[in-house]
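Just below is one structure, and these are the notes that go with it.
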Amino acid sequence: MTFKQQVIEVVRKIPRGKVVSYGQVAAAIGSPRGARQVGWALHTLDGDHSVPWWRVINNEGRISIKGNMMSTPLLQKKFLESEGIKVSKNLEIDIEKYRHHFASLLPM
DNA sequence: ACGGTGACACCAG
DNA sequence: TCTGGTGCCACCG
């Protein structure tokens, strides 16, 4: 089980219309300090729509994806809006309003 | 093994 | 707010 595969598993669980931060994904796979690696894992998906990568944003509630402002970041904005998530002109999102909380790994 | 590279997160000023 | 610096760690050559 590679790090990337674990990231994919977690991201697949994000429900439609919800978002999570890179750090949340990292914590969910047991690597609370691995936010940057999550970003790396998603960039390697290279447009794979079988994984809802667009539901992952940074903890500030902003689209953190790199690239030409005319292309990829706006694509993510488009996907999010298609799920009813409001995204401002400057790629900002009210993350606390849409944040999904993964179920705890441990039983209570 | 080693050093450079990042879709991050957090803190100081 | 916004910028810059730091810690972080999987991957690649």
Side-chain angles (χ1 to χ4, degrees):
Chain A
M1 201 51 157
T2 68
F3 182 91
K4 177 177 174 179
Q5 292 176 310
Q6 296 182 71
V7 169
I8 291 175
E9 253 186 50
V10 172
V11 173
R12 277 187 186 291
K13 295 178 181 175
I14 307 171
R16 223 184 123 78
K18 291 290 188 178
V19 299
V20 301
S21 69
Y22 295 90
Q24 277 182 272
V25 175
I29 65 177
S31 296
R33 307 284 104 193
R36 302 191 68 171
Q37 292 73 269
V38 171
W40 169 84
L42 295 185
H43 102 76
T44 62
L45 291 179
D46 195 41
D48 181 353
H49 286 216
S50 70
V51 180
W53 54 265
W54 57 89
R55 295 177 190 152
V56 184
I57 63 180
N58 70 29
N59 205 36
E60 308 271 292
R62 308 177 66 168
I63 290 178
S64 190
I65 190 170
K66 296 294 187 186
N68 192 338
M69 278 311 247
M70 291 300 288
S71 53
T72 332
L74 294 186
L75 175 64
Q76 180 167 14
K77 178 177 187 287
K78 194 171 175 184
F79 274 125
L80 290 172
E81 291 178 328
S82 75
E83 301 187 345
I85 295 174
K86 228 159 129 49
V87 183
S88 74
K89 195 92 174 185
N90 31 289
L91 310 180
E92 295 174 339
I93 298 161
D94 183 348
I95 189 170
E96 299 313 332
K97 176 177 178 181
Y98 302 107
R99 193 194 290 276
H100 169 64
H101 299 280
F102 291 114
S104 174
L105 300 174
L106 304 173
M108 60 173 282

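All chains are named by letter (A, B, ...) in the order of the sequence lines, taking the proteins before the strands, and each is independently numbered beginning at 1.
You can see that DNA chain C meets the heavy atoms of chain A within a 4.0 Å-exclusive cut from C/dG7 to C/dC11, reading 5' to 3'. A 4.0 Å heavy-atom criterion places the boundary nucleotides of DNA chain B facing chain A at B/dG6 to B/dC10, written 5' to 3'.
The aromatic rings of A/W54 and A/F79 sit parallel, their planes meeting at an angle under 30°, below the 60° perpendicular limit.
Residues A/G34 and A/A26 come closest through the heavy atom pair C-CB, 3.6 Å. For A/K18 against A/H100, the heavy-atom pair with the smallest separation is CB-CB, 3.7 Å. Shown here for A/G61 and A/I95, the closest heavy-atom pair between the two residues is CA-CB, 3.9 Å. Shown here for A/Y98 and A/G17, the closest heavy-atom pair between the two residues is CD2-O, 3.9 Å.
Nearest-nucleotide positions on DNA chain C place A/R36 closer to the 5' end than the other of A/R36 and A/W40.
Near DNA chain B, meaning a heavy atom under 4.0 Å from it, residues 13-25 of chain A has A/S21, A/Y22, A/G23 in order of number.
For A/R12 and A/E9, the salt-bridge test fails: no basic side-chain N is under 4.0 Å from an acidic carboxylate O.
Hydrophobic clustering of Ile, Leu, Val, Met, Phe, Trp and Tyr side chains at less than 4.5 Å, counting indirect connections, keeps A/I57 apart from A/W40.
Remark: the A/N58 side chain and the A/E60 side chain contain no N/O donor-acceptor pair separated by less than 3.5 Å.
Taken to the nearest 0.5 Å, the OH atom of A/Y22 stands 6.0 Å off from the CG atom of A/L42.
The local environment of CZ in A/R99 is crowded, with over 12 non-hydrogen atoms from other residues, nucleotides or ligands closer than 6.0 Å.
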